[in-house]
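Structure, as structure tokens:
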Amino acid sequence: MEYKEFIENKKHSIGNSGFECNYIPSIAFDFQQHIIEKSVKKGRIAIYADTGLGKTLIQLSIAKNIIQHTNKKVLILTPLAVAFQFLLEAEKLGIDDIEYSKDGKHTKKIVLCNYERLHYFNSEDFVGVILDESSILKNFDGAIKQQVTTFVKKIPYRFLSTATPAPNDFIELGTSSEALGYMGYMDMLTKFFKNQNSVDSTNRNIGEKFYLKPHAEKDFFAWVNQWSIMVKMPSDIGFSNERYSLPKLIVNKTVVANQSMIDVNGQIQMFTPIAK
């Protein structure tokens with residue numbers, strides 16, 4: 001075996017476990033279409049798209065693809081008060097086989113539920129699961145992370161979606177990889193990170209205990225890129241930013257003088273009155 005071949009075999013490569021896309025909404029932009037097609041073909045992927053790039057449309061389109069491919073149900077987990085946004089977006093897309101369940105009962109193919117209500121549901125009822133605002137998994141020893149990871153581990157098609165995949169540090173990406181069924185959190189730490197021995201061993205903040213190995217930085221992000229799509233602007237994946245290029249921000253300053261502290265009766269008030 002040649003040395004180059006030996007090195008290639010050591011790479012942590014990830015294949016596809018999905019299928020060819022069968023549904024794209026007519027209102028989807030070109031870059032959204034690309035994300036939907038790639039996600040469906042991958043089968044298990046994280047969509048790290050910035051705010052305003054249409055993650056709700058993308059997630060509903062993925063769910064529709066799974067349903068048309070398997071004729072089975074898809075569960076979409078959302079934070080509190082977000083499920084109604086999915087219902088409104090589904091109406092725009094003409095998707096009516098969708099419902100919001102709070103008690104684990106469901107009759108539609110696409111089922112929306114809050115993370116806090118997950119314990120009412122049975123994972124065997126679903127062939128696909130989509131986690132909206134999946135940064136909720138960031139805490140590696142959190143109760144919700146453990147519950148969600150256990151729930152989804154036998155579901156064939158899994159998708160994560162958030163604009164803030166790792167709000168504190170890179171190692172939080174490990175919980176996403178684990179939930180998708182790829183490299184486990186602790187395995188990721190061993191492979192790409194180094195323990196700072198100088199840090200007090202009683203420190204429970206794991207983000208301060210570990211740092212990304214300098215020589216492993218390129219390999220780490222190459223690995224993350226295998227199971228995720230990272231987009232701040234459409235140009236990041238080769239599309240035009242025309243619809244997302246905002247005009248220059250114009251700031252107009254208006255100075256409003258404080259009202260008099262003297263009341264109409266000539267008495268000084270204890271508090272400044274509300275500005276009007």
Side-chain angles (χ1 to χ4, degrees), residues 14-66 68-69 74 76-79 82 85-95 110 128-138 157-170 172-173 176-177 179-180 182 217-251:
I14 298 170
N16 296 327
S17 55
F19 50 89
E20 292 299 325
C21 186
N22 58 57
Y23 166 78
I24 296 289
S26 58
I27 62 174
F29 294 149
D30 50 5
F31 75 93
Q32 293 170 338
Q33 178 177 337
H34 170 77
I35 293 174
I36 294 167
E37 290 174 343
K38 181 174 180 178
S39 299
V40 170
K41 188 172 184 179
K42 192 71 179 177
R44 289 181 282 125
I45 198 170
I47 302 167
Y48 298 146
D50 207 357
T51 304
L53 294 183
K55 289 189 292 297
T56 305
L57 177 147
I58 291 170
Q59 292 172 91
L60 286 170
S61 300
I62 290 171
K64 181 80 170 177
N65 271 275
I66 296 172
Q68 292 188 169
H69 181 72
V74 175
I76 301 180
L77 292 169
T78 73
V82 175
Q85 297 178 18
F86 277 83
L87 293 174
L88 291 173
E89 190 74 21
E91 187 176 349
K92 287 195 293 183
L93 295 174
I95 297 174
I110 301 177
V129 62
I130 299 172
L131 275 59
D132 184 51
E133 298 299 342
S134 62
S135 57
I136 196 169
L137 300 174
K138 66 182 183 294
Y157 304 115
R158 309 175 212 170
F159 303 87
L160 312 182
S161 181
T162 180
T164 55
N168 299 310
D169 50 61
F170 294 146
E172 290 173 353
L173 292 169
S176 297
S177 170
L180 289 171
Y182 298 124
E217 184 172 345
K218 184 177 179 180
D219 290 338
F220 172 73
F221 287 107
W223 168 70
V224 172
N225 192 53
Q226 289 186 62
W227 52 264
S228 69
I229 303 173
M230 294 167 278
V231 187
K232 287 190 71 70
M233 292 288 277
S235 59
D236 293 337
I237 52 176
F239 294 90
S240 171
N241 292 334
E242 183 180 356
R243 298 182 184 92
Y244 291 88
S245 296
L246 300 177
K248 182 181 179 181
L249 181 64
I250 300 174
V251 179

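Contact of the Val74 side chain with the Phe159 side chain is not registered, since no non-hydrogen atoms from C-beta on lie closer than 4.5 Å. Contact of the Ile237 side chain with the Ile35 side chain is registered, since non-hydrogen atoms from C-beta on lie closer than 4.5 Å. Put simply, the side chain of Asp132 does not reach to within 4.5 Å of the side chain of Gln85, judged on heavy atoms. Side chains of Leu53 and Ile58 form no contact here, defined as non-hydrogen atoms less than 4.5 Å apart.
Taking the side chain to side chain contact (heavy atoms under 4.5 Å, CB included) definition, one finds that Ala28 meets it with Ile24, Pro25, Gln32, Leu57, sequence neighbours left out. Taking the side chain to side chain contact (heavy atoms under 4.5 Å, CB included) definition, one finds that Lys232 meets it with Asp50, Asp236, sequence neighbours left out. Residues satisfying the side chain to side chain donor-acceptor pair (under 3.5 Å) criterion with Ser39, sequence neighbours excluded, are absent altogether. Residues passing the ring pair (Phe, Tyr, Trp, His ring centres under 6.0 Å) test with Phe239, sequence neighbours excluded: His34. Applying the salt bridge (Lys or Arg N to Asp or Glu O under 4.0 Å) test to Glu133 and every residue at least two apart in sequence or in another chain returns nothing. By the ring pair (Phe, Tyr, Trp, His ring centres under 6.0 Å) test, Phe86 is found to be paired with no residue, residues two or more places apart in sequence or in another chain being considered. The side chain to side chain contact (heavy atoms under 4.5 Å, CB included) test applied to Asn22 returns Phe19, Asn65, Gln68, His69, not counting sequence neighbours. For Phe29, the ring pair (Phe, Tyr, Trp, His ring centres under 6.0 Å) test picks out no residue, with sequence neighbours left out. Every residue was checked against the ring pair (Phe, Tyr, Trp, His ring centres under 6.0 Å) condition with Tyr48, not counting sequence neighbours, and none meets it. With sequence neighbours left out, Ile136 forms a side chain to side chain contact (heavy atoms under 4.5 Å, CB included) with Tyr115, Ile144.
Atoms CD1 and CD, from Ile27 and Glu89 in turn, are 6.0 Å apart once rounded to the nearest 0.5 Å. Within the model, atoms CD1 of Ile76 and CD1 of Ile130 stand 4.5 Å from one another, a figure rounded to the nearest 0.5 Å. Interatomic distance, Leu160 CG to Ser176 OG, rounded to the nearest 0.5 Å: 5.0 Å. Separation of atoms CD1 (Ile36) and CZ (Phe31) is listed at 9.5 Å; rounding is to 0.5 Å.
Taking both residues in full, the closest heavy atoms of Tyr244 and Pro234 are given as CD1-CG, 3.7 Å, listed atom of the first, atom of the second, then distance. Counting all heavy atoms, side chain and backbone alike, Lys55 lies closest to Ala49 at NZ-O, 3.0 Å. Minimum interatomic distance between Leu173 and Trp227 (heavy atoms only, all atoms of both residues): O-CH2, 3.5 Å. The shortest non-hydrogen separation linking Ser177 to Trp223 is OG-CZ2, 3.2 Å. Taking all atoms of both residues into account, the shortest heavy-atom contact from Pro167 to Lys138 is CG-CD, 3.5 Å.
For residues 27-47, the pairs satisfying salt bridge (Lys or Arg N to Asp or Glu O under 4.0 Å) are Glu20-Lys41, with sequence neighbours left out. Sorted by first then second residue, the salt bridge (Lys or Arg N to Asp or Glu O under 4.0 Å) pairs that include residues 238-251, not counting sequence neighbours, number zero.
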